[in-house]
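The sequence lines fix the lettering, A, B, ..., with proteins before strands; numbering per chain opens at 1. What you are looking at is a predicted structure, and each value in this text was computed from that prediction instead of being measured.
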Amino acid sequence: MLKRLLAPFASSLLDSLRDLLPIVAVILFFQLFVLHEPIPNLLDLTLGAGMVVMGLTLFVQGLKLGLFPIGETMAWDFARKGSLLWLLAFAFSLGFGTTVAEPALIAVAAEAADVAADAGMIATGKEAKIAYAEGLRYTVALAVGLAIVIGVLRILRGWPIAWLIISGYIGVVVMTVFAPREIIGIAYDSGGVTTSTITVPLVTALGVGLASSIEGRNPMTDGFGLIAFASLTPMIFVMGYGILI
Amino acid sequence: MDALCPFEHVIPLCATFGDVLPIIAILIGFQVLVLRRPVPNLRRVLLGFVLVLLGLALFIQGLETALFPLGKLMASQLTAPAFLGIGPDAAGTESGRHWLAYLWVYLFAFAIGFATTIAEPSLIAVAIKANQVSAGAVDTWGLRIAVAIGVAIGIAIGAFRIVSGTPLHYYIISGYVIVLIQTLFAPRSIVALAYDSGGVTTSTVTVPLVAALGLGLSSNIPGRNPLLDGFGLIAFASLFPIMSVMGYAQLSEWYARISQRHKPPNEDY
């Protein structure tokens, strides 16, 4: 068992080293040749880079052993169980639950509250800002929950993804016309920050698993696309939130 | 909490665990209460979860001790008025604000966008899955490089937008139009994956560095408000990979067709 785990581990370590190389190269190049500054804390840098390589290696191994299999197994089990309602409830909880506690989103929501207070959309007090940020977080989480539900329905029914994405784009454009100018940048960014490192592999495995367990669906054309919805709906919802508040 | 997490300053295990707790609760809840089926290879799956947690904690800690401080420092140095030549002595003259003065900023935006995307764990995950599902037709490295080029171009254009002060939604809406046109011509099997690659690119590694760049640019360039203009780089980084991935698929399809045409007819088929 141990030997079987260690052999792929060694080659995976090399892969991670290669993955990190571009960042190190960019930082060294700009620091030495553009800014003409020495490298501070060389020891810290080496140590940190070592931790990143090690961490990435463990993550990729864990992905193959844990996250991918559990996502696909659950997709198959839901398909076998045949209860649409439970599957959609699972899809919603996965989207909502993983987003509401996402650290990147918490940070963006706090910044958004500053922008809103600065623009005079809400009171400048601390409480008003906290309430605004909280409202925004739940709005985005709701949007991601709904996105996964729509995405799962799409896989089940075999709707073409392009039509849904085009409708989403039209929604974004229409909301942009009506949304206050201050919220637009935050809204567009909120689409990108919602999908975390653990959510992505799970949701991808869920989509691919569902598409392969249902007859007539192709995992390549139908299985992907859940993440795309999860980064589109928050833009529409956040602009809606900006209009309402 | 301190007693429970004695090594928190070395590896943020408890913080990482806290972040993924909702996901674990949902998975266990539905598995135990709704599906009620035994998980095959439960021990392997649990080991996998432990590795993911440990790996992510190490990964984040490594980034925060080594790369983020230096990267953020560089973003602020490159956008400092002294480096850009837009200091008080240049005030009143427009010469210092020529777009060429920002050439290093755009190059840095491009390079850091490319480099952070290559190291992005969620993109690695999607690339592995896409390779499996397509039975090898989608090349893991090809996809990752296509996405990284998209992010690089996106962030460079996003930096240009902050410098020039043009409205964000013009860029995004034009981007949508290009994506729609490409969707009509791209191979059908790649479309869903391309749309997905927009969302996965911006997470752990890219967001903090790109945010530092946006903040540095928007607070140092006269006439820009960091609260208003600092946002938007992430949006660019999630839009452009959609184009580059579809473009990559179109190119490889075209290349395959060309090389097919030049091959001598094969009698075996």
message: Which one wins on heavy-atom pair count under 4.5 Å against chain B: A/Thr197, A/Asp118, A/Thr46, A/Asp222?
response: A/Thr197
- request: Counting only heavy atoms closer than 4.5 Å, note whether B/Leu67 contacts chain A via side chain, backbone, both or neither.
  value: both
query: Under a 4.5 Å heavy-atom cutoff, which of B/Leu35, B/Leu123, B/Leu42 has the most pairs with chain A?
result: B/Leu35
message: Between A/Arg217 (side chain only) and A/Ile155 (backbone N and O only), is there a donor and an acceptor less than 3.5 Å apart?
response: yes
message: Below 4.5 Å, heavy-atom pairs only: which of B/Val191, B/Val200, B/Ile112 has the largest tally toward chain A?
response: B/Val200
message: So for A/Val60, is it side chain, backbone, both, or neither that comes closer than 4.5 Å to the heavy atoms of chain B?
response: side chain
- prompt: Can you name the closest pair of heavy atoms from B/His169 and A/Thr176 and give their distance?
  reply: CB-CG2, 3.6 Å
query: Which of the residues B/Glu64, B/Arg144, B/Gln132 is involved in the greatest number of heavy-atom pairs with chain A at under 4.5 angstrom?
result: B/Arg144
- request: Please determine, among B/Ala148, B/Ala130, B/Ala237, B/Ala194, the option with the most heavy-atom pairs under 4.5 Å with chain A.
  value: B/Ala130
message: Need one label for A/Val172: side chain, backbone, both or neither, based on atoms under 4.5 Å from any heavy atom in chain B.
response: side chain
field: Side-chain donor or acceptor of B/Arg224 paired with backbone N/O of B/Asp229 under 3.5 Å
entry: no
task: For chain B, find which of A/Gly71, A/Ser190, A/Gly66 contributes the most heavy-atom pairs closer than 4.5 angstrom.
output: A/Gly66
Less than 3.5 Å apart, which donor and acceptor atoms pair up between the side chains of residues 88-95 of chain A and the rest of the protein, not counting sequence neighbours?
| from | atom 1 | to | atom 2 | distance (Å) |
| --- | --- | --- | --- | --- |
| A/Ser93 | OG | A/Ala89 | O | 2.6 |

query: Ignoring hydrogens and geometry, is there a side-chain-to-backbone donor-acceptor pair from A/Lys81 to B/Val34 under 3.5 Å?
result: yes
statement: Interatomic distance, OG1@A/Thr99 vs CD1@A/Ile148, rounded to 0.5 Å, equals 7.5 Å
task: Pick whichever of A/Ile165, A/Asn218, A/Asp15 has the most heavy-atom pairs under 4.5 Å with chain B.
output: A/Ile165
- request: For chain A, find which of B/Ser238, B/Gly71, B/Gly232, B/Pro22 contributes the most heavy-atom pairs closer than 4.5 angstrom.
  value: B/Gly232
statement: Counting heavy-atom pairs under 4.5 Å with chain B, the top scorer among A/Glu72, A/Lys64, A/Arg181, A/Met235 is A/Glu72
query: With a 3.5 Å cut-off and no angle check, do the side chains of B/Thr183 and B/Tyr195 form a donor-acceptor pair?
result: yes
query: So, does B/Arg36 use its side chain to make a donor-acceptor pair with the main chain of B/Leu33 at under 3.5 Å?
result: yes
field: Closest-packed option against chain B by number of heavy-atom pairs under 4.5 Å, given A/Asp44, A/Thr204, A/Ile198
entry: A/Ile198
query: Is it the side chain or the backbone of B/Leu180 that comes within 4.5 Å of chain A heavy atoms, both, or neither?
result: side chain
message: If you count heavy-atom pairs within less than 4.5 Å of chain B, which of A/Phe229, A/Phe59, A/Phe68, A/Phe30 leads?
response: A/Phe30
task: Could you check whether the rings of B/Tyr106 and B/Tyr102 sit parallel, tilted or perpendicular, using 30° and 60° as the cut-offs?
output: tilted
- prompt: Which class fits the ring pair B/Trp104 and A/Phe29: parallel under 30°, tilted 30 to 60°, perpendicular over 60°?
  reply: tilted
